[in-house]
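What follows is a short report on a single structure.
Just so you know, these numbers use all the heavy atoms, side chains as well, and skip hydrogens, waters and symmetry mates. Proteins get letters first, then strands, A, B, ... in listed order; numbering begins at 1 in each. Small disclaimer: the values here were computed from a predicted structure and weren't measured.
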Number of protein chains: 2
Amino acid sequence: MTRLSDAERDLAAGAVFAALADPTRRAVVRALVDRPTVTASALAADLPISRQAVAKHLAALADAGLVAASREGRETRYRLTPAPLGDAMAWMAGAGARWDDRLSRLQERLGER
Amino acid sequence: MTRLSDAERDLAAGAVFAALADPTRRAVVRALVDRPTVTASALAADLPISRQAVAKHLAALADAGLVAASREGRETRYRLTPAPLGDAMAWMAGAGARWDDRLSRLQERLGER
DNA sequence: AGAACGAGCAACCAATTAGTTGCGCATCGC
DNA sequence: GCGATGCGCAACTAATTGGTTGCTCGTTCT
């Protein structure tokens with residue numbers, strides 16, 4: 001239960017937005033949603049870019065706190081750590097606060113899953 | 001009620017993420033939350049950057065669909081149009097779907113406002 | 001009518017970024 | 001022990017981006 005100031009929350013949200021701004025990074029996250037864990041090389045096999053490029057993207061995601069790495073033997077496995085998504089969603093909820101009708105639609109949409 | 005394909009939704013969400021990745025742009029959005037409408041010049045007075053820079057940021061936000069411009073006489077007023085936030089939040093909800101406990105916390109948080 | 005204000009180009013600059021290749025190091029399988 | 005596999009680091013490149021200044025055009029005010 002980390003206590004975040006407004007500025008800190010903005011920063012955290014900004015990091016998440018920056019991380020998810022890149023389409024390749026979003027693809028990585030999507031891949032990481034159904035595969036519970038993944039390595040950079042395995043991921044690179046599915047994507048049209050090099051392993052190092054994937055590694056950089058994973059590092060960027062890790063910077064935003066969306067992904068955590070754990071080394072196992074000679075390979076490092078990445079898993080999703082979606083906690084920071086909460087900060088990003090909270091930020092957007094704040095931005096949308098004046099539009100209450102729309103906000104309730106969002107809640108509906110969330111309820112769908 | 002626009003029907004969006006997965007790819008379209010990803011694209012829309014990506015545009016939102018890219019737009020909100022910039023701290024200045026987030027500041028613009030925040031300013032636009034309590035002021036119901038704003039001009040580029042007025043905004044530039046509060047920010048440490050030039051009017052043209054602000055105009056570019058507003059254009060970027062408009063590209064993402066987060067802001068709409070309407071010209072009135074010699075000034076153009078911008079207002080928030082938070083609809084695309086829904087796509088972004090839906091994307092994130094999808095990414096966090098496996099973490100049901102966390103998802104419910106998000107819903108709680110949304111309920112707060 | 002004329003000054004002043006607000007906006008919209010366009011060109012340019014510096015920094016960031018997404019990608020590459022090349023290399024060295026550790027770990028696993030035989 | 002040795003080759004193959006997987007990672008990490010570094011250097012470099014091309015494209016994008018956030019910012020600037022300078023100019024022009026339309027609108028408002030007196």
Side-chain angles (χ1 to χ4, degrees), chain A residues 10-32 35-81, chain B residues 10-32 35-81:
Chain A
D10 182 80
L11 212 50
V16 170
F17 292 143
L20 297 183
D22 185 87
T24 302
R25 233 126 54 199
R26 286 198 302 281
V28 167
V29 169
R30 273 198 311 269
L32 216 28
R35 274 155 253 197
T37 194
V38 87
T39 71
S41 317
L43 214 37
D46 291 348
L47 295 172
I49 58 177
S50 68
R51 174 188 64 86
Q52 287 87 339
V54 174
K56 280 193 189 181
H57 284 303
L58 284 168
L61 288 169
D63 272 359
L66 288 171
V67 132
S70 59
R71 187 129 201 187
E72 281 173 27
R74 71 175 153 183
E75 61 186 17
T76 66
R77 321 206 57 86
Y78 293 88
R79 69 180 194 284
L80 257 192
T81 54
Chain B
D10 182 80
L11 212 49
V16 170
F17 293 143
L20 297 183
D22 185 86
T24 303
R25 234 127 54 199
R26 285 198 304 281
V28 167
V29 169
R30 273 197 312 268
L32 218 27
R35 274 156 253 198
T37 194
V38 87
T39 71
S41 317
L43 213 39
D46 291 348
L47 295 171
I49 58 176
S50 69
R51 174 187 64 86
Q52 287 86 339
V54 175
K56 280 193 189 177
H57 283 304
L58 284 168
L61 288 169
D63 272 0
L66 289 171
V67 131
S70 59
R71 186 126 199 191
E72 282 173 25
R74 73 175 153 184
E75 60 187 16
T76 65
R77 321 206 57 87
Y78 292 87
R79 70 181 193 284
L80 258 192
T81 54

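At least one side-chain heavy atom of A/Leu47 sits under 4.5 Å from a side-chain heavy atom of A/Val28. The side-chain heavy atoms of B/Arg25 and B/Leu61, taken from C-beta on, include a pair separated by under 4.5 Å. Between A/Arg79 and A/Leu32 there is no side-chain heavy-atom pair separated by less than 4.5 Å.
Summarising the geometry, the separation between CD on A/Glu75 and C1' on D/dG8 is reported as 15 Å, rounded to the nearest angstrom. In this structure, CZ of A/Arg25 is placed 12 Å from C1' of C/dG19, rounded to the nearest angstrom. Atom NE2 of B/His57 and atom P of C/dG8 are 15 Å apart (whole Å). Rounded to whole angstrom, the span from the OH atom of A/Tyr78 across to the C1' atom of D/dG6 amounts to 11 Å.
One finds no side-chain N or O of B/Thr39 lying less than 4.0 angstrom from the OP1 or OP2 phosphate oxygen of C/dC5.
The pair B/Arg35-B/Asp46 counts as a salt bridge, with a side-chain nitrogen and a carboxylate oxygen less than 4.0 angstrom apart.
Separating the CG atom in A/Asp22 from the NZ atom in A/Lys56 is a distance of 12.0 Å, to the nearest 0.5 Å.
Judged by distance alone, with hydrogens and angles left aside, the side-chain atoms of A/Thr39 form no donor-acceptor pair with the main-chain N or O of A/Thr76 at under 3.5 Å.
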Fill in: Contact letters for nucleotides 20-30 of chain D, in which S counts primed atoms plus P, OP1 and OP2 and B counts the base, heavy atoms under 4.0 Å
BBB---BBS--
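Across all strands shown, B/Arg77 has no heavy atoms under 4.0 Å from either base or sugar-phosphate atoms.
Comparing D/dG18, C/dA18, D/dG19 against the side chain of A/Asp22 picks out C/dA18 as the nearest.
If you find the closest nucleotide of DNA chain D to B/Ala60 and to A/Ala40, the one lying nearer the 5' end belongs to A/Ala40.
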